Amino acid sequence: MESIEIKSFSELSTAELYAILQLRSEVFIVEQNCVYQDIDNKDKDAYHLLLFKDNILVAYTRIFKPGLYFSLASIGRVVVKKGERKYGYGKDIMNASIKYLHEKCNVDKIHISAQTYLIKFYNSLGFIVQGEEYLEDDILHIKMIKSI
C-alpha cells in the first residue's frame with residue numbers, strides 16, 4: 001500500500017529523517033557517483049514529501065516556497081529508489097509536490113534545476129527548459145519552469 005506524507009522539517013521523526021538522508025545518499029552520492037554536500041542546511045526551510053510503499057520510503061522531494069531557494073517556488077532532491085522506478089512514483093511524488101505548492105502555497109510558477117537526462121520526464125509534467133545547460137556537482141543540469 002502506498003501513501004504520501006507532507007511534513008515540515010520539525011514534523012519529521014528521527015526515523016523519517018534518517019530514511020530521507022539514506023535514500024538521497026544511496027541515489028545521489030553512491031549510484032550517481034557524485035561526491036557533494038547533500039546535507040546543506042536547507043532542509044530546515046523545506047517541506048518534505050515522502051512516498052511510502054509498504055512503510056518503506058521509495059520516493060521523495062523537498063519543496064520551497066518562493067524566495068527560500070530560488071525567487072520562485074521550487075522542487076528539488078527528487079529521488080526514487082532504484083528498483084522502484086518503473087512504477088510511476090516519480091510522477092506521483094512530483095504531482096503531489098506541484099499540487100501542494102499550487103493549493104497550499106498559492107503558487108503559479110515553479111522552478112527546478114533538473115538533471116538534463118530527465119528533461120523529457122519533466123516536460124511530461126509541464127516544465128519548460130529555460131536557458132542553457134550548466135554543471136552542478138559535475139552533473140549536467142538545466143533550469144526548467146512550470147506555469148500552473
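Numbers for residues simply follow the sequence, beginning at 1. Fair warning: this is a prediction, and the values are worked out from it, not measured in the lab.
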Is the count of non-hydrogen atoms from other residues, nucleotides or ligands lying under 6.0 Å from Tyr36 atom OH greater than 12?
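Counting other residues, nucleotides and ligands, OH of Tyr36 exceeds 12 neighbours.
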
Look at atom CD of Glu132 and say whether more than 12 heavy atoms of other residues, nucleotides or ligands are closer to it than 6.0 Å.
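No, CD of Glu132 has 12 or fewer neighbouring heavy atoms, counting only those of other groups under 6.0 Å.
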
Rounded to the nearest 0.5 Å, what separation is found between the [atom1] atom of [X] and the [atom2] atom of [Y]?
X: Ser74; Y: Leu68; atom1: OG; atom2: CG; result: 8.0 Å
X: Tyr60; Y: Glu16; atom1: OH; atom2: CD; result: 11.0 Å
X: Asp38; Y: Ile29; atom1: CG; atom2: CD1; result: 5.0 Å
X: Ile112; Y: Thr61; atom1: CD1; atom2: OG1; result: 11.0 Å
X: Leu50; Y: Ile6; atom1: CG; atom2: CD1; result: 9.5 Å

Using the side chain to side chain donor-acceptor pair (under 3.5 Å) rule, take Ser13 and Tyr18 through it: C-alpha gap first, then chi angles, then the decisive distance, then the call.
CA-CA 9 Å; Ser13 70; Tyr18 187 88; over 6 Å; no

Pairs satisfying ring-ring contact (aromatic ring centres under 6.0 Å, His included), at least one member in residues 70-103, at least two apart:
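Listed once each, the pairs are Tyr47-Tyr100, Phe70-His111, Tyr87-Tyr89.
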
Please name the pair of heavy atoms, one in Glu11 and one in Lys7, separated by the smallest distance, quoted to 0.1 Å.
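Answer, listing the atom of Glu11 first, then Lys7: OE1-CA, 3.3 Å.
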
For Val107 versus Ile148, what's the shortest heavy-atom pair and its separation?
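Reported closest heavy-atom pair: O-CD1, 3.8 Å.
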
Are Gln32 and Gln115 linked by a side-chain donor-acceptor pair shorter than 3.5 Å?
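Gln32 vs Gln115: donor-acceptor pair found between side chains.
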
Sub-3.5 Å donor-acceptor pair from the side chain of [X] to the main-chain atoms of [Y], do we have one?
X: Arg77; Y: Arg24; result: no
X: Ser25; Y: Leu21; result: no
X: His48; Y: Asp43; result: yes
X: Asp54; Y: Met1; result: yes

Restricting to salt bridge (Lys or Arg N to Asp or Glu O under 4.0 Å), what partner residues turn up for Glu84, sequence neighbours left out?
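Counting only residues at least two positions away or on another chain, Glu84 forms a salt bridge (Lys or Arg N to Asp or Glu O under 4.0 Å) with Lys53.
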
Salt bridge Arg62-Asp40, side-chain N to carboxylate O under 4.0 Å
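Asp40 and Arg62: salt-bridged.
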
Can you check side chain to side chain donor-acceptor pair (under 3.5 Å) on Lys44 and Ser8, steps first, answer last?
CA-CA 8 Å; Lys44 295 180 284 185; Ser8 67; over 6 Å; no

